[in-house]
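What follows is one structure encoded as structure tokens, with my remarks underneath.
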Amino acid sequence: MRHSNKKLIVIYILLASYIIFSSFFGYKYFANQMINIINPLFYIILFFICLFLSNTTNQQRIKAKTNKYQIVFILTISYLIIYVFLGLFLGYVKSIYSHSFLGIIKNTWSYIVPIIFIELIRNTLVRNVSNHKVYFIIISLLFTLIDINLFNIIGLTDKADIFKNVFSVILPSIVKNLSLTYITKTSGYITNLIYLLPQEITNIILPIFPDLDWYFTSLLGILLPTITFITIKYLDDRIENQKTKSRLKKEKPIRTIILIFPLIIFSLFVAGLFKYKPTAIMSNSMYPIYNRGDVVIIEKVNSKNIKNLKKYDIIEYRLKNIIVAHRIIYIEKHNDGSKLYITKGDNNNVADKEKVKPEQINGIVKLSVPKVGYPSVWLNDFFNKKQVEVETGK
């Protein structure tokens with residue numbers, strides 16, 4: 001750190017102390033006061049302490065400022081449109097926020113104000129350090145710890161919950177804060193606010209939210225800051241002429257984004273957003289049709305085409321919290337027109353214990369891909385040691 005700015009170590013100490021206090025004491029004993037009073041006041045006061053200790057009083061000069069503001073705004077709004085419309089495929093859940101006039105005012109104070117002053121503090125710290133990467137990593141780490149709220153994580157003991165939190169909360173927050181710290185250095189805190197505020201305002205005012213699972217939360221949480229960083233980085237490189245024109249032409253962000261696009265499509269396919277979706281097989285109950293570690297491609301069924309299911313079709317269905325892919329061996333028809341499906345694994349000696357209702361059925365197996373599902377199998381074995389009874393026909 002620059003010699004004249006060593007006094008800003010006080011800010012680092014205060015931030016670290018506050019993270020420890022809030023994580024291990026504050027949210028445990030008075031969570032409402034932390035959210036509605038202490039957090040906003042702390043970051044406001046800390047910002048003014050930053051101003052007092054900081055030597056940076058001149059206005060930050062941002063090259064291509066308008067272009068950066070416009071690009072980040074367009075990326076953020078595009079993300080929000082995709083985010084909201086995902087609910088058409090995944091369903092919606094009711095917002096937990098109050099939408100009365102006083103409720104919106106309260107939420108603005110509790111959630112919007114801290115974001116503004118956190119970014120002002122980040123801006124002050126970034127502008128008062130040298131360009132050494134270590135300082136930017138430390139700053140990003142501090143703001144990541146603020147962002148994820150350690151109180152919600154430190155009490156987790158279940159392996160599956162820890163895994164989901166790592167990928168849906170911690171990893172996206174790390175990517176986001178690394179991007180925001182870089183953007184602060186080259187593009188200023190206003191660019192960050194253009195990125196953050198529309199997202200938080202949307203959370204406050206929307207009466208419903210897309211019902212995203214941890215996978216989609218992780219995917220969206222990583223993609224937006226990554227694409228934003230790539231775009232801003234390209235603009236900065238072009239402005240500073242750090243690379244030749246020919247190299248810059250080859251490294252246009254649109255090309256990188258186009259390369260990312262197939263990964264996005266594949267991720268959505270894995271998540272089951274399309275008509276067909278993959279499922280990893282966890283046992284040998286259907287050997288030799290497919291084996292443990294294979295992936296089967298499922299064609300989804302709905303209330304119309306589920307009537308076309310017939311004996312000997314292999315279906316995927318839900319049984320409590322597990323997924324089973326077994327063959328229909330008998331269809332039980334009732335006088336009221338309803339049906340129940342009796343299923344069995346080809347490699348099992350007896351039929352599955354429970355009859356399958358139509359609403360349990362996800363789809364029909366169309367084909368299999370050998371071996372590529374082993375990563376999912378290993379994760380399942382790590383998190384779930386207990387054998388699934390239906391899979392063995394016991």
Side-chain angles (χ1 to χ4, degrees), residues 15 18-19 21-23 25-51 69-124 143 145-152 168-169 172-173 176-177 180 183-184 188-213 216-217 220-221 224-225 228:
L15 277 173
Y18 187 69
I19 291 168
F21 162 77
S22 60
S23 300
F25 183 79
Y27 285 106
K28 183 176 182 179
Y29 296 105
F30 35 87
N32 288 335
Q33 293 88 334
M34 286 292 299
I35 295 170
N36 299 321
I37 301 173
I38 299 175
N39 275 345
L41 289 178
F42 173 79
Y43 293 117
I44 291 172
I45 293 170
L46 189 64
F47 168 65
F48 285 105
I49 296 174
C50 281
L51 288 183
Y69 292 171
Q70 290 175 346
I71 288 171
V72 172
F73 180 76
I74 291 171
L75 288 173
T76 303
I77 297 302
S78 299
Y79 159 80
L80 290 173
I81 292 171
I82 294 171
Y83 169 73
V84 172
F85 275 92
L86 274 175
L88 296 175
F89 302 94
L90 305 174
Y92 292 95
V93 292
K94 188 177 179 181
S95 171
I96 61 173
Y97 296 101
S98 169
H99 293 91
S100 66
F101 177 75
L102 289 178
I104 292 174
I105 296 297
K106 177 183 175 182
N107 290 331
T108 299
W109 164 258
S110 300
Y111 299 102
I112 301 296
V113 169
I115 286 175
I116 293 171
F117 282 91
I118 284 172
E119 292 312 312
L120 287 169
I121 294 167
R122 188 200 304 262
N123 182 66
T124 304
F143 287 98
L145 293 174
I146 292 170
D147 194 32
I148 64 178
N149 190 355
L150 285 174
F151 175 73
N152 295 325
S168 65
V169 178
S173 183
K176 182 181 81 172
N177 281 283
L180 290 177
I183 293 170
T184 299
Y189 71 93
I190 292 178
T191 312
N192 285 359
L193 293 179
I194 292 172
Y195 173 93
L196 292 168
L197 291 183
Q199 298 180 58
E200 195 63 35
I201 291 170
T202 300
N203 289 337
I204 289 174
I205 65 175
L206 279 185
I208 55 176
F209 293 101
D211 188 14
L212 305 183
D213 59 14
F216 272 105
T217 301
L220 294 178
L224 179 60
T228 304

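Source: prediction; values computed, not measured.
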Which residues pass the ring pair (Phe, Tyr, Trp, His ring centres under 6.0 Å) test with [X], sequence neighbours left out?
X: Phe42; result: Tyr18
X: Tyr97; result: Tyr111
X: Phe30; result: Phe25

What's the spacing between [X] [atom1] and [Y] [atom2] if we round to 0.5 Å?
X: Ile194; Y: Gln70; atom1: CD1; atom2: CD; value: 9.5 Å
X: Glu200; Y: Leu193; atom1: CD; atom2: CG; value: 12.0 Å
X: Leu196; Y: Ile201; atom1: CG; atom2: CD1; value: 10.5 Å
X: Asn107; Y: Leu102; atom1: CG; atom2: CG; value: 11.0 Å
X: Ile19; Y: Asn149; atom1: CD1; atom2: CG; value: 10.5 Å
X: Leu80; Y: Thr202; atom1: CG; atom2: OG1; value: 4.0 Å

Indicate yes or no: at least one non-hydrogen side-chain atom of [X] is less than 4.5 angstrom from one of [Y].
X: Phe143; Y: Leu15; result: yes
X: Leu197; Y: Ile116; result: yes
X: Pro225; Y: Tyr195; result: yes
X: Trp109; Y: Leu41; result: yes
X: Pro210; Y: Leu90; result: no

Q: Could I get the full list of side chain to side chain contact (heavy atoms under 4.5 Å, CB included) partners for Ile74, not counting sequence neighbours?
A: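 Listed in chain order: Ser78.
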**Q.** Summary of salt bridge (Lys or Arg N to Asp or Glu O under 4.0 Å) pairs that have at least one residue in residues 104-119, sequence neighbours excluded
**A.**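 Listed by first then second residue: Glu119-Arg122.
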Q: Kindly say whether Leu180 contributes a backbone atom to a donor-acceptor pair with the side chain of Asn192 at under 3.5 angstrom?
A: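 Pair found, side chain donor or acceptor close to backbone of Leu180.
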Of all heavy-atom pairs between [X] and [Y], which one has the smallest distance, and what is that distance?
X: Ser98; Y: Gly103; answer: OG-CA, 3.6 Å
X: Ile77; Y: Pro198; answer: CD1-CB, 4.5 Å
X: Tyr69; Y: Thr191; answer: CE2-OG1, 3.2 Å
X: Asn203; Y: Ser95; answer: O-OG, 4.2 Å
X: Tyr27; Y: Asn39; answer: OH-ND2, 2.8 Å
X: Pro40; Y: Ile35; answer: CD-O, 3.6 Å

Q: Check the pair Asp211, Tyr92 against side chain to side chain contact (heavy atoms under 4.5 Å, CB included), reporting the backbone distance first and the verdict last.
A: CA-CA 5 Å; Asp211 188 14; Tyr92 292 95; 6.0 Å; no
Q.
Can you confirm whether Phe21 is buried at CZ, in the sense that more than 12 heavy atoms of other residues, nucleotides or ligands lie under 6.0 Å from that atom?
A.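 Yes, CZ of Phe21 has more than 12 neighbouring heavy atoms, counting only those of other groups under 6.0 Å.
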Q: Check whether more than 12 heavy atoms from other residues, nucleotides or ligands sit under 6.0 Å from atom OH of Tyr189, and answer yes or no.
A: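 Result for OH/Tyr189: open.
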Q) Considering residues at least two apart in sequence or located in another chain, which fulfil the salt bridge (charged side-chain N to carboxylate O under 4.0 Å, His left out) criterion with Asp147? A)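 Partners of Asp147 under the salt bridge (charged side-chain N to carboxylate O under 4.0 Å, His left out) test: Lys176.
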Q: Take Tyr79 and Leu220 through the side chain to side chain contact (heavy atoms under 4.5 Å, CB included) test and state the conclusion after the steps.
A: CA-CA 8 Å; Tyr79 159 80; Leu220 294 178; 3.8 Å; yes
